[in-house]
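Worksheet: the structure to be examined is printed underneath.
Chain naming here is simple, since letters A, B, ... match the order of the sequence lines and numbering starts at 1 in each. Just so it is clear, the values below take in all heavy atoms, side chains as well, and ignore hydrogens, waters and symmetry mates.
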Amino acid sequence: MTDSPDNIAFTARAICKSFPGVKALSDINLDLKVGEVHALVGENGAGKSTLAKIIAGLHQLDSGQMLIGQASYKPLGRKNAERNGVRIVMQELNLVSNLSVAENIFIEKLPSRLGFIDYKKLNADAGDITKNVGLAEMDVTAQVSRLGIGQQQMVEIAAGLSQKCDILILDEPTASLTDTETELLFAQIQKLKNEQVSIIYISHHIDEIMRITDSVTILRDGKVVSTNPTSELTAEKIVNKMVGRELEHNKLRHNAKLGEVVLRVEKLTRGKKVRNVSFELRRGEILGLAGLIGSGRTETMRLIFGADKADTGDIYLYGSKVPAKINNPRQAVKNRIALVTEDRKEQGLLLPLSVTKNISITNLPRLSRFGWINQSKEKAITADYVEKLSVRIASPHQPVENLSGGNQQKVVIAKWLYRDCEIIIFDEPTRGIDVGAKFEIYQMLDELANQGKAIIVVSSDLKELMAISDRIAVMSDGKIAAEFSSDNFSEEKITAAAFSEYVNQKKERP
Amino acid sequence: MKKGVSLPRWVTDYLGMAIVLAILLAIFGYSARNFFSLPTFKMIASQVPDITILAVGMTLVLIIGGIDLSVGSVMALCGAMLGKSLITWGVPLPLAIGICMLTGLLCGAVNGLVTITWKLPAFIVTLGMLEIARGATFFVTGYRTVDTATSLDFITETTIAGVPMPFVIAILIVALGQLVLSRSVFGRYMVAIGTNEEAVRLSGIDMRPIKVTVFALCGFLAGVAAVIQTARISSANPNVGVGWELQAIAAVVIGGTSLMGGRGSVIGSFFGVLIIAVLSTGLDQIGAEEYIKRIITGAAIVAAVILDYYRNRLSAAK
Amino acid sequence: MKKGVSLPRWVTDYLGMAIVLAILLAIFGYSARNFFSLPTFKMIASQVPDITILAVGMTLVLIIGGIDLSVGSVMALCGAMLGKSLITWGVPLPLAIGICMLTGLLCGAVNGLVTITWKLPAFIVTLGMLEIARGATFFVTGYRTVDTATSLDFITETTIAGVPMPFVIAILIVALGQLVLSRSVFGRYMVAIGTNEEAVRLSGIDMRPIKVTVFALCGFLAGVAAVIQTARISSANPNVGVGWELQAIAAVVIGGTSLMGGRGSVIGSFFGVLIIAVLSTGLDQIGAEEYIKRIITGAAIVAAVILDYYRNRLSAAK
Amino acid sequence: ATGLIGCKRVVDSGKPRVALVMKSLANEFFKTMEDGAKGHHKANSAEYELVTVGIRDELDVAQQIKLVESMIAQQVNAIVIAPADSIALIPVCKKAIQAGITVVNIDNKFDDEILASRDVKIPFVGPDNRKGATLAGDYLAKKLTKGDKVAIIEGAPNAFNAIQRKLGFEDAMKRAGMNIVSSQTAYWETDRANKVASAMIVAEPQLKAILCANDSMVIGALAAVKAAGKTGDILTVGFDNIAAVQRALKEGRILCTVDQHADKLAVFGIEYALEMLSKGGTPKDRETAVDLITAEKLK
Ligand SMILES: Nc1ncnc2c1ncn2[C@@H]1O[C@H](COP(=O)(O)OP(=O)(O)OP(=O)(O)O)[C@@H](O)[C@H]1O
Ligand SMILES: Nc1ncnc2c1ncn2[C@@H]1O[C@H](COP(=O)(O)OP(=O)(O)OP(=O)(O)O)[C@@H](O)[C@H]1O
Ligand SMILES: [Mg+2]
Ligand SMILES: [Mg+2]
């Protein structure tokens, strides 16, 4: 392949972009060849999403220049970018929960006659598209609010692929997907590539990058570190350039000292999503919870935390013979249980409020006397956690909505560390987080366990789970399908267990 | 065929309200004189059209996450324009009706434009319009009631298949509103905007024209309501419609529309209007003391939404 | 020292409103007779306390994402209880004042309890309370104004450092409200609830007592306002407070509090009250026609929030 | 801005300033009153200055108190007031008197008992509403037969004149042996009266007459009668003689109304106040005329 001009689909020259208090991008150069998959990698807050949004017309650049082919390109909005053949699937979910799947997919261009929607055509077309991305069984007339986060992500991708385009940007599309769904997406990417579509692919999963991309641009602190063909790189080299240091990616948990059982869940059931779930958790232990999307892991954790009410089943805490009464999160926290939710924006954060206020919220009484907050103490304590978790912030008064996804996640974790619970549940704690930060979180988990905390980690990243867990339980269709101890971990066995209930029941399901 | 399970959604959606209505009818049928009679129903049919039409407009505005507190004042202004142009300025009838509706449309459009241009809460913008439109009404009428004599009688007196025209018009507007909401591109965008404005914006849809249209439509409907209201009392009263905005909102919310936007039903609003109308007619007919009327009306509004809560739980549990 | 840059935030926050106020004072000082006179300011000081106190309660309710449409009616009911217990039932003064405030507290608590128990929109619950409390007021007073004679005069006649007590109380409530909001655990929870209720719940905080307390507080403040209001007019009028809820909301929103919850300032609300009070006093003093008053008031409400929009943009751009 | 305080821009003319404090200025009746006053002032501009103010709606007592306070602040010489409440306005008027201002009560009479208990004397200049209502009621009674069913639509239940009119209607009806089947308030409003009247008509098919405490309400009642197809069967009576009922009166659709000479009411009050200002004198009530208006009278 030569770099002749007609081979270049898109060019960025010296792009700069600042947000209040942050220089998000400086002097970015990027060349995207026709029909290539170009990876953008970098730590949280490196500026990947910002760059993607500028290309897709969602942000306007401060200075610099963009070209599509040879022509100057200055998108004023998303519509404008799409007219130029540029489409984006964003990192954050942007679906309208009260509309149907089909309506969401075609929201920009609902087929209609005299202003009234042609539902027949709409549903048929949407059916074709969802089938294309492998969601053959999805009911396109269902309301989006009834889908799980993973399925919503797939709908979002389906919507992105619904119209033809020349340049497609995928911003962390696999963050909420399981391996099966990821494979389906990769097949789509291959197909688009064959149709000479150029793709910008943003992901924290280095293995994916090594597999499907042709070249890699690495960003650090809003600057381009390097651009190389993927073939010239190794996973280690990428990580190295991203963080500027070596990372070992091996098993973290060694000779864990397990204490007494602090949590015993017995036959927990809620509807069809959680069925007869029983397990134990010990002090000093990290229990990994694996499973396919929608297998009921989040639901189970919400039951333990009292966020939802169980139909039947009991929870025994700290060796007590009497079932604990946990009817709401307040009682859970009183019982020293914490839940780091998977949906940080909706359930974890107070977006317009400052970093400080977000962290201190879990235990304000500790900072106050006679109901009045000691503000200097508050500042000191939160600054402490910001440092411990190396959250990148411009000031403690910065609203968390201005932080990058990864840093937002760290704030959520910080607020629970501040509460200092005995049993801590992490639901997808590393979703959308860069390797550097991931590693920091692994170390933190390890440290917490060593301090004698009991920890549950729900994750869709099997490698991660195997690296950090002492034990892994696998959920499948609402049941615990299997448990593996540390010396028994294997990807094959765990995956098989995750599918087991679905395979057994295939015939019963519509 | 098991009944409880197979009822279609639109039945269960309105079942709760139908029950409330039935209960009210039963109570008043028992306690009020001549309540179950043709005149009563004729009377209700002659009195609900204007507030129904206002409620339709309010439903649409609430669905996009807005609110319109100015409908009562705007209706008064439209009525004033109608009466004045017809009687004082000698404008021919069709043109006068046109002026009336145009006035509503303009007020609504101003509400919408101001709201979106400066990204202001509709609550405060339309609160401003409430005052402004009332002031304009006073200005136009010189604070005096305009007697429209018999010039609008044809509206109340024409019947279609025995049903008075205002009621037919109201029903048509309800039906059309529901159809637009659930079946048209415009209606789906309205729901989408009310549900997740940011997602709609990021989809590259320009929602400003949609929002302005909805506010304008609400104003226009206030104009339509004004024609019917003026015809009903054969005069344009500058003080009419005070507090109707809250009455319309109460009806709409009883009908199951969310004040947070994104969810609502025009047919539900119609039920809400009927519930309030039957309640107030019944109380008038038994000649209840004013203070009892107030307390019962207030309690009924709250009771209706509480009932709706249980109906929702019931249908969710299924 | 460069001024524009180094002004602290609390100054820029209220600068816009201070400018609006200054402009209004300048206009009326020029056009109204004797506007800049001690009696005018004394009058304003004697008239704003009740609405200021209502506005403080409204601010708190709005901050948690609620609304209270019943404040005007509840104030009337509290006043009625005060007047009746004092004059008709012969209850001693301190007890009567206690009954008055307790009535407010109860009405507010009912608002809060109903809202959270059935997860209903506060808008509709308090709309119901608006009717119920007014009905109860009519019942208690028999529609008749209760003359409290001189029994409450000590409230209006006591001055503290030359300032009448009601004004001092209002200022204290504003200051305390602002302090609670920005410095106390309770206030922080309020802001958090208004920002993202679900996140607060999932942080292990039981927000039901907080919410009920805020509604109850709003009702209690309506009771305090009732004492001052009744003292000011030396009688408990069953029709007092009609429409005050919208006036309070307008003042609060002009003061920069968000109707969506999570953001607001009690001091801002006080400025909002002052702006509206100066405007209405000024218009009264120049003897403006009613229709002009309406139009100007409406336009001013909208203009104030538009101005706030530009101030926000300006301070964001810095 | 402090430099402006105390600077009087308007030069004192030496003429007495009379403030006319109205109820709702957005109501036809009061508008007519105000216009009458303005007309009088125009003709006599050499003698006094006139300020007219009013409240948003008739129920907003607090606002009206504010207005009186505002007039005290402006140091007017006389206040002619149509109080929105016959009790609540007394203290502030007392304050005005104490500030040396002459106060005259028009339209809605202050409560005598409270006036006495407060030790204030405020002269009332205006019509006897009860008498007016009785005139209309007596006229109606002539058109009915003994035992006929009639209904009353009242004004705001806390307003003195509303109560007086209701009593007047009742006096006449009882005297003539009519059967009052319902009496409800519609708060002076047309649309509410329309609804209340409609309900009354349905509940009492034999209803023969509706007596309304003002003309705005009789318009609504008349429309209800028409909608029920009972024009001519149910007679309607109003009060105030506003412009909007003229045609209906002439055509006999409204049986009668009562003219309390709105255009003169304020004028009487102003003249009385000026008289008091120039002569001093002890305040005494002065009754003004009320006249029955019927179709024959208008011809
Ligand atoms: N709307 C905004 N306002 C202010 N600052 C912003 C905004 N959006 C992004 N930033 C800042 O710009 C920087 C780059 O953010 P960006 O979202 O592009 O990072 P990213 O590389 O996509 O990170 P992640 O992997 O966590 O998604 C961050 O410091 C972030 O805080
Ligand atoms: N009660 C609930 N309220 C709100 N959201 C819920 C509730 N229960 C589940 N969810 C959401 O539904 C989705 C599916 O949850 P579920 O527990 O079935 O799957 P999971 O195994 O946790 O899979 P995932 O990987 O999507 O989290 C999740 O996004 C979860 O946040
Ligand atoms: Mg990103
Ligand atoms: Mg999950």
Side-chain angles (χ1 to χ4, degrees), chain B residues 67 69-70 73 114-115 117-143 238 242-243 245-247 249-250 252-254 258-260 289-310 312, chain C residues 67 69-70 73 110 114 117-143 238 242-243 245-247 249-250 252-254 258-260 289-310 312:
Chain B
I67 195 166
L69 297 180
S70 70
S73 294
V114 173
T115 304
T117 307
W118 288 285
K119 300 189 183 63
L120 301 179
F123 193 102
I124 204 78
V125 173
T126 57
L127 181 59
M129 180 57 87
L130 180 154
E131 294 287 328
I132 294 172
R134 185 66 63 186
T137 310
F138 291 157
F139 175 72
V140 170
T141 58
Y143 310 96
V242 173
E245 60 284 350
L246 292 184
Q247 215 180 313
I249 292 172
V252 170
V253 173
I254 288 175
S258 161
L259 283 163
M260 310 315 298
E289 273 260 26
E290 177 69 13
Y291 79 88
I292 294 180
K293 283 187 195 171
R294 295 285 187 127
I295 292 177
I296 290 186
T297 307
I301 290 173
V302 178
V305 285
I306 291 179
L307 208 98
D308 192 57
Y309 166 84
Y310 284 110
N312 274 334
Chain C
I67 195 166
L69 297 180
S70 70
S73 294
V110 169
V114 173
T117 307
W118 288 285
K119 300 189 182 64
L120 301 178
F123 192 100
I124 204 79
V125 173
T126 58
L127 182 58
M129 181 58 86
L130 179 152
E131 295 286 332
I132 294 172
R134 183 65 63 186
T137 311
F138 290 161
F139 175 71
V140 170
T141 58
Y143 311 99
V242 173
E245 62 283 348
L246 291 184
Q247 217 178 314
I249 293 173
V252 171
V253 173
I254 289 175
S258 162
L259 283 164
M260 310 315 298
E289 274 260 26
E290 177 66 14
Y291 79 87
I292 293 178
K293 281 188 198 168
R294 297 285 187 131
I295 293 175
I296 290 185
T297 308
I301 290 173
V302 179
V305 285
I306 292 179
L307 208 100
D308 192 57
Y309 166 85
Y310 284 110
N312 273 335

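- When the candidates C:Thr117, C:Ile292, C:Ile306, C:Val242 are compared by the number of heavy-atom contacts under 4.5 Å with chain B, C:Ile306 comes out ahead.
- Looking at B:Tyr143, its side chain does come within 3.5 Å of a backbone N or O of C:Tyr291 through a donor-acceptor pair.
- If you measure heavy-atom distances from C:Leu120 to chain B, the contacts under 4.5 Å come from the side chain alone.
- Chain C forms more heavy-atom pairs under 4.5 Å with one residue of B:Glu289, B:Met260, B:Met129, B:Lys119 than with any other, namely B:Glu289.
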Report the C-alpha separation of C:Leu307 and B:Trp118 in whole Å, then their side-chain angles, then the decisive distance to 0.1 Å, and conclude whether the side chain to side chain contact (heavy atoms under 4.5 Å, CB included) test is met. CA-CA 9 Å; C:Leu307 208 100; B:Trp118 288 285; over 6 Å; no
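- Of the two parts of B:Ile124, the backbone and the side chain both hold a non-hydrogen atom closer than 4.5 Å to a non-hydrogen atom of chain C.
- Ranked by heavy-atom pairs shorter than 4.5 Å toward chain B, the options C:Gly298, C:Ala133, C:Ala136 are led by C:Gly298.
- In this structure, CG in B:Leu127 is found 8.0 Å from CD1 in C:Ile249, a value given to the nearest 0.5 Å.
- If you take CZ on C:Arg294 and CD1 on B:Ile132, they are separated by 12.0 Å, rounding to the nearest 0.5 Å.
- The nearest pair of heavy atoms linking B:Leu246 to C:Leu69 is CD2-CD1, 4.3 Å.
- Interatomic distance, OG1 of B:Thr297 versus CG of C:Leu130, reported as 11.0 Å (0.5 Å rounding).
- With a threshold of 4.5 angstrom between heavy atoms, C:Val114 approaches chain B through side-chain atoms but not through N, CA, C or O.
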Could you walk me through whether C:Phe123 and B:Val253 pass side chain to side chain contact (heavy atoms under 4.5 Å, CB included), step by step? CA-CA 10 Å; C:Phe123 192 100; B:Val253 173; 5.6 Å; no
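- Among C:Pro121, C:Ser258, C:Ala250, the residue with the largest count of heavy-atom pairs under 4.5 Å with chain B is C:Ala250.
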